[in-house]
Enquirer: 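Below you will find the structure I want to go over with you.
All chains are named by letter (A, B, ...) in the order of the sequence lines, taking the proteins before the strands, and each is independently numbered beginning at 1.
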There are 2 protein chains.
Amino acid sequence: MPESHYPEIRSLDLFSHMDEANFETLLRAGYVQNFPPQIELITEGESSDFLHVVLSGSVELFSNLNGRETSISTIRPISTFILAATIKDAPYLMSARTLEKSRIVMIPSQDVRSIFEVDNHFARAIVTELALCYRTVVKQTKELKLRTSLERLANYLLRQQTRAGGGSVFELETEKRRLASYLGMTPENLSRAFKALRPYGVSVNGSMIEISDQSDLISFAKPSPLIDDKDV
Amino acid sequence: MPESHYPEIRSLDLFSHMDEANFETLLRAGYVQNFPPQIELITEGESSDFLHVVLSGSVELFSNLNGRETSISTIRPISTFILAATIKDAPYLMSARTLEKSRIVMIPSQDVRSIFEVDNHFARAIVTELALCYRTVVKQTKELKLRTSLERLANYLLRQQTRAGGGSVFELETEKRRLASYLGMTPENLSRAFKALRPYGVSVNGSMIEISDQSDLISFAKPSPLIDDKDV
DNA sequence: TTGATATCTTGATATAGATCAACCCCAAAC
DNA sequence: GTTTGGGGTTGATCTATATCAAGATATCAA
């Protein structure tokens, strides 16, 4: 791998405290590749040969079952995915595909596991990362079971507004059909849900959203820090 | 804590490879307590003061939001819960209550974090445990989004049958109202779902289930190793 | 045993959400 | 510029699931 990528990868929490020699060993074993959009990088059920790092672009994690498909999360730069499968040397539970042109680092899982065994700082960073991943999925489960689809959309919009800087107008950044799948609903229903939020000050123009009265939407969405806050 | 409990706790994967002195430090800081049924041990949102180990009995993890409640998992001996919150020093995302008379070890989170910092074997064991927890929740999310409630029940019964030894008659071990909540449905609907599985050879008598033709139920449930297998 | 209480079941009804079909719109390819 | 195809929307309909109400069954304490 070209050393020019090292600094940005090194800056990830996962790698920032590990031993320099181990870090270089890891990256020298890795590859950087550019992928076009809509390439399936990994398929659920396969053995986890690589830990992936998204340098640019974006990647969708999704899952299939009996002809159905659901979107589980979107990975944006710079972060890793499929860490748990790599560490446990277990099959991937989710598939991954590029959403746009993306630059991906692939580090052989075997090397990750070897360094994990000898580098204590790396092992501790993995703990923090996995704990974060775990808590993120627990929040998703709570949201799915405790909120209606309309509430999920309302809270998603509030979260996205915050991520986009907090202005009253912001962009979705996600295709609506994929957002629907992520929220656990059909595209048709998402379209109707947007209309149902109009009385709470939500207006939609393509991928641009305007929330005219945030407090009004909040009073409907009833966001909870234990589901919606980023690093709780 | 009385030393008589040490061996059974030590036998957990989480503690089995750590340094003996560290293990004893950890347990000496801990308490063992007996709780009656239906005691709320922790409440979501509180800071994580203790790592809990269930020695006997059982504990339910659940969550509330706007008057609704959902059951997320049942912890049976001997295992720990609330590890991720402890490690991250973050608020609990779920509440916990005893389901029956239970003996619980409570180890102060601060001590767990201190030993985590110095004991590399312990740190690695935590990685394995968290990766397992993470993958379990991902499977739950997939099940919730990709299966109907009837399919969830059918697959739950097949899993429970396996856990109970594989015989055609086995016990539910879970109150039906709580099972309904776990599966993301109402008690009324669970009752109807049991009847709907009758054509596939499922008969119910109180908490006893009989699956007369397993292959018939399997052909309906279409279990997937990536959701239903224990340690995949 | 009896009473009290909670769980479970059943039926009737309401609601949320999925499906199907048609159409619109826009962007890329010819 | 026309064509083509995909995403998005809308309306009509259907299905899954929740809710409400009542009765049945089980559990436990007095």
Enquirer: Considering the terminal five base pairs at each end of the helix from C:dT1-D:dA30 to C:dC30-D:dG1, what angle separates the two local helix axes, rounded to 10°?
Expert: 40°
Enquirer: Would you call the rings of A:His52 and A:Phe81 parallel, tilted or perpendicular, where under 30° means parallel and over 60° means perpendicular?
Expert: parallel
Enquirer: Return the set of residues passing salt bridge (charged side-chain N to carboxylate O under 4.0 Å, His left out) with A:Arg76 (not counting sequence neighbours), or none when no residue passes.
Expert: none
Enquirer: Can you give me every donor-acceptor pair (side chain of residues 37-45 of chain A, partner residue at least two apart or in another chain, under 3.5 Å) with its distance?
Expert:
{"residue": "A:Glu40", "atom": "OE2", "partner": "A:Thr43", "partner atom": "OG1", "Å": "2.8"}
{"residue": "A:Glu44", "atom": "OE1", "partner": "A:Ser63", "partner atom": "OG", "Å": "3.0"}
{"residue": "A:Glu44", "atom": "OE1", "partner": "B:Lys142", "partner atom": "NZ", "Å": "3.0"}
{"residue": "A:Glu44", "atom": "OE2", "partner": "A:Ser63", "partner atom": "OG", "Å": "3.2"}
{"residue": "A:Glu44", "atom": "OE2", "partner": "A:Asn64", "partner atom": "N", "Å": "2.5"}

Enquirer: Quick one: salt bridge (charged side-chain N to carboxylate O under 4.0 Å, His left out) partners of A:Glu173, sequence neighbours excluded?
Expert: none
Enquirer: If we check side chain to side chain contact (heavy atoms under 4.5 Å, CB included) with B:Leu157, which of these qualifies: B:Leu197, B:Thr162, B:Val204?
Expert: B:Leu197
Enquirer: Can a donor-acceptor pair be found, under 3.5 Å and without considering hydrogens, that links the side chain of B:Ser181 to the backbone of B:Ser71?
Expert: yes
Enquirer: Run the ring pair (Phe, Tyr, Trp, His ring centres under 6.0 Å) test against A:Tyr200 and tell me which residues pass, sequence neighbours left out.
Expert: A:Phe220
Enquirer: For A:Gln160 and A:Phe170: C-alpha separation, side-chain torsions, deciding distance, then whether side chain to side chain contact (heavy atoms under 4.5 Å, CB included) applies.
Expert: CA-CA 8 Å; A:Gln160 180 59 24; A:Phe170 58 94; 3.7 Å; yes
Enquirer: Decide whether B:Thr141 and A:Gln140 meet the rule of one side-chain donor and one side-chain acceptor closer than 3.5 Å.
Expert: no
Enquirer: Reading DNA chain C in the 5' to 3' direction, which nucleotide is the first one with an atom under 4.0 Å from a heavy atom of chain B, and which is the last?
Expert: C:dT7 to C:dA12
Enquirer: Under a 3.5 Å cutoff, is there a donor and acceptor pairing between the side chains of A:Glu60 and A:Thr74?
Expert: no
Enquirer: From the 5' end of DNA chain D to its 3' end, which nucleotides mark the outer limits of contact with chain B, defined by a 4.0 Å heavy-atom distance cut-off (strictly under)?
Expert: D:dT17 to D:dC20
Enquirer: Answer whether the closest heavy-atom distance between the side chains of B:Ile218 and B:Pro223 falls below 4.5 Å.
Expert: yes
Enquirer: Tell me, which pairs form a side-chain hydrogen bond (donor to acceptor under 3.5 Å, both in side chains) where one or both residues lie in residues 182-199 of chain A, sequence neighbours left out?
Expert: none
Enquirer: Filter on salt bridge (charged side-chain N to carboxylate O under 4.0 Å, His left out), then keep only pairs touching residues 146-160 of chain B, sequence neighbours left out; what's left?
Expert: A:Arg68-B:Glu151, B:Glu143-B:Arg147, B:Glu143-B:Arg159, B:Arg147-B:Asp228, B:Arg159-B:Asp228
Enquirer: Taking only heavy atoms on the protein side, list every residue of residues 180-192 of chain B lying under 4.0 Å from any atom of DNA chain C, sorted numerically.
Expert: B:Glu188, B:Ser191, B:Arg192
Enquirer: For A:Ser203 and A:Asn205, does a side-chain donor sit closer than 3.5 Å to a side-chain acceptor?
Expert: no
Enquirer: Of all of residues 57-72 of chain B, which get a heavy atom below 4.0 angstrom from DNA chain C, listed by number?
Expert: none
Enquirer: Looking at residues at least two apart in the chain, or sitting in another chain, which of them share a salt bridge (charged side-chain N to carboxylate O under 4.0 Å, His left out) with A:Glu69?
Expert: A:Arg97
